[in-house]
*Asks:* 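Input: one structure, supplied below.
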Amino acid sequence: MTPLNSAEAWADFERSDFGTAPTLRLRPLDFDPDLTRRDLYNLEVENVDDPALHSLFRAKRDEIARQITALEDRDTSRFLYGSLQLYGTVAPALAAAAEELLETIPPQAPSTQTVTAGAFADAARAEFERYRAVYPDFPVRVEVRDDISELMVSFGHLLIPESAAFRADRVEPLLHHEVGTHVVTYQNGARQPLELLTIGLPGYDETQEGLAVLAEYLTGGLDPRRLRVLAARVVAVGKVLDGAGFLDIFESLRAEHRIPARTAWSIAIRVVVGGGSVKDAIYLRGITRILDALAEAIASTSCWSASSPWTTSPWCRTCSIARCSIRRGSGHAGWMCPVRRSVLARLREGASVTDLYEEGVAA
């Protein structure tokens with residue numbers, strides 16, 4: 001779903017004085033949807049005796065089938081409905097939280113200090129080596145690619161867009177987000193007998209992105225600009241659901257919320273790609289639900305205690321499955337990442353996403 005021509009589209013849009021909506025090109029599907037679905041439903045899930053795992057596998061199979069259909073529906077009106085099935089809508093409470101963040105946090109001047117993709121890749125490799133200093137078998141997989149426009153992790157590989165320029169003050173938080181959360185949880189899953197943990201359980205994206213944002217905060221890197229972007233993504237998704245097009249979303253972000261043009265472009269592109277995507281709402285919703293879970297003490301101490309092998313960065317993708325497999329003797333220790341546990345303890349006393357700014361940690 002990442003456009004192949006994002007850099008060229010931005011240049012054309014800028015030349016048009018922000019007056020012509022971009023045309024985005026998506027990569028062709030490299031699989032046959034019908035054959036993939038056939039393989040998917042040939043899996044003999046009915047032979048799994050454990051009721052919990054049986055339900056888990058069926059739910060994951062359904063999610064993958066929905067993903068296949070959504071990919072088939074790219075650039076049609078059906079894609080938006082598939083996205084809603086996968087990621088859910090924007091509830092009024094989430095929309096209100098996003099608006100509150102945008103009203104509470106004053107706009108920040110754009111940062112002028114940036115680093116190149118190559119410099120970011122060097123920093124990422126150094127971050128991987130820090131893990132390898134403790135865990136020599138931790139794989140190092142960093143690629144600078146010319147066919148992507150967004151930083152991402154895919155099957156444990158950190159993929160960096162060749163044309164990207166990263167804010168210098170965002171390098172470390174991004175490493176905690178992408179490497180310390182996404183890569184580490186993938187590698188944790190790869191060490192488990194239940195191989196499904198490498199790609200995540202049904203609906204794991206929201207929790208995973210919420211944890212990644214939490215990792216930014218716990219390591220002191222969730223700054224005001226980042227919080228405003230997460231809130232603006234929710235607002236943009238809401239506008240897509242109201243039927244707004246790219247230009248309306250772009251102009252609204254700039255005029256109503258004073259989002260810089262390049263950032264507004266990136267946000268708008270992410271929510272209109274393929275015919276309308278609601279996925280970007282999961283970042284703010286994910287961190288909101290994690291804060292609620294902490295306050296309600298849903299996360300058990302077996303996952304959060306410093307002595308637990310499942311205290312990953314900052315927590316295991318599926319705490320209940322982890323605890324279950326440890327009890328059965330089938331779980332293995334995962335890679336670990338230190339976090340500011342004193343800050344974590346304060347969050348367990350109760351905090352909203354707005355508090356992440358008001359506390360001053362994200363100043």
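Source: prediction; values computed, not measured. All residue numbers refer to positions in the sequence shown, counting from 1.
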*Asks:* First locate atom CH2 of Trp265, then atom CH2 of Trp10, and finally report the distance between them rounded to the nearest 0.5 Å.
*Replies:* 7.5 Å
*Asks:* Flag the pair Phe13 / Phe246 as yes when their ring centroid distance falls below 6.0 Å, and as no otherwise.
*Replies:* yes
*Asks:* Report yes if the side chains of Phe138 and Val183 come closer than 4.5 Å at any heavy-atom pair, otherwise no.
*Replies:* yes
*Asks:* Answer whether the closest heavy-atom distance between the side chains of Arg38 and Asn42 falls below 4.5 Å.
*Replies:* yes
*Asks:* Do the side chains of Ile199 and Tyr204 get nearer than 4.5 Å, heavy atoms only?
*Replies:* no
*Asks:* How about Pro107 and Arg228: do any of their side-chain heavy atoms sit closer than 4.5 Å?
*Replies:* yes
*Asks:* Please check: side-chain N/O of Asp355 versus main-chain N/O of Ser352, any donor-acceptor pairing under 3.5 Å?
*Replies:* yes
*Asks:* Take a 6.0 Å sphere around CZ of Arg58 and say whether it holds more than 12 heavy atoms from other residues, nucleotides or ligands.
*Replies:* no
*Asks:* Would you say the side chains of Gln208 and Thr185 form a donor-acceptor pair under 3.5 Å?
*Replies:* yes
*Asks:* Going by atom type alone, with no hydrogens or angles, which donor-acceptor pairs under 3.5 Å involve a side-chain atom of residues 273-286 and a protein atom two or more places apart or on another chain?
*Replies:*
from   : atom 1 : to     : atom 2 : distance (Å)
Ser277 : OG     : Lys279 : N      : 3.4
Asp280 : OD1    : Arg270 : NE     : 3.4
Asp280 : OD1    : Arg270 : NH2    : 2.9
Asp280 : OD2    : Arg270 : NE     : 2.7
Tyr283 : OH     : Arg270 : NH2    : 3.4
Arg285 : NE     : Glu206 : OE1    : 2.7
Arg285 : NH1    : Thr89  : O      : 2.8
Arg285 : NH2    : Tyr87  : O      : 2.3
Arg285 : NH2    : Glu206 : OE1    : 3.3

*Asks:* With clusters defined by side-chain heavy atoms of hydrophobic residues (ILVMFWY) lying less than 4.5 Å apart, directly or transitively, does Val184 cluster with Val134?
*Replies:* yes
*Asks:* Is it the case that the side chains of His182 and Glu209 hold a donor-acceptor pair, with the cut-off being a distance below 3.5 Å and no angle test?
*Replies:* yes
*Asks:* Roughly how far, to the nearest 0.5 Å, is CZ of Arg78 from CG of Leu80?
*Replies:* 12.5 Å
*Asks:* Determine the minimum heavy-atom distance between Arg233 and Ile267, stating which atoms define it.
*Replies:* CA-CG2, 4.0 Å
*Asks:* Determine, step by step, whether Tyr135 and Phe128 satisfy the ring pair (Phe, Tyr, Trp, His ring centres under 6.0 Å) criterion, reporting the C-alpha distance in whole Å, the side-chain angles of both residues, the deciding distance to 0.1 Å, and the verdict.
*Replies:* CA-CA 10 Å; Tyr135 306 104; Phe128 275 94; over 10 Å; no
*Asks:* With rounding to the nearest 0.5 angstrom, report the CD to CZ distance, Glu251 to Arg254.
*Replies:* 5.5 Å
*Asks:* Would you indicate whether the side-chain heavy atoms of Leu158 and Glu143 approach each other to under 4.5 Å?
*Replies:* no
*Asks:* Report the distance from atom CG of Asp75 to atom CG of Leu24, rounding to the nearest 0.5 Å.
*Replies:* 8.5 Å
*Asks:* Test Glu63 against every option in Arg66, Arg61, Lys60 by the side chain to side chain contact (heavy atoms under 4.5 Å, CB included) rule and name the one that passes.
*Replies:* Lys60
*Asks:* If you count heavy atoms of other groups shown closer than 6.0 angstrom to CD of Glu172, is the number above 12?
*Replies:* no
*Asks:* For Glu72, what residues pass the side chain to side chain donor-acceptor pair (under 3.5 Å) criterion, not counting sequence neighbours?
*Replies:* Arg37
*Asks:* With rounding to the nearest 0.5 Å, note down the distance linking CZ in Arg125 to CZ in Phe120.
*Replies:* 11.0 Å
*Asks:* Within a strict 4.5 Å, meaning less than it, do heavy atoms of the His177 and Thr181 side chains meet?
*Replies:* no
*Asks:* Between Arg167 and Asp223, does any side-chain N to carboxylate O distance fall below 4.0 Å?
*Replies:* yes
*Asks:* Is there a donor-acceptor pair under 3.5 Å between the side chain of Asn5 and the backbone N or O of Thr23?
*Replies:* yes
*Asks:* Just so I know, are the side chains of Leu230 and Val234 near enough to count as touching, which here means a heavy-atom distance under 4.5 Å?
*Replies:* no
*Asks:* Transitively linked via ILVMFWY side-chain contacts under 4.5 Å: Val353 with Leu222?
*Replies:* yes
*Asks:* Do NZ/NE/NH1/NH2 and the carboxylate oxygens of Arg132 and Asp137 come within less than 4.0 Å?
*Replies:* no
*Asks:* Could you tell me whether Arg15 and Asp12 have a side-chain N and a carboxylate O separated by less than 4.0 Å?
*Replies:* yes
*Asks:* Got a donor-acceptor contact below 3.5 angstrom from the Asp17 side chain to the Gly19 backbone?
*Replies:* no
*Asks:* Do Ser252 and Glu256 have a side chain donor and acceptor closer than 3.5 Å?
*Replies:* yes
*Asks:* For Arg258, does the CZ atom have more than 12 heavy-atom neighbours from other residues, nucleotides or ligands under 6.0 Å away?
*Replies:* no
*Asks:* What distance separates Asp147 CG from Glu162 CD, expressed to the nearest 0.5 Å?
*Replies:* 9.5 Å
*Asks:* Under 4.5 Å between any side-chain heavy atoms of Ile148 and Ile160, yes or no?
*Replies:* no
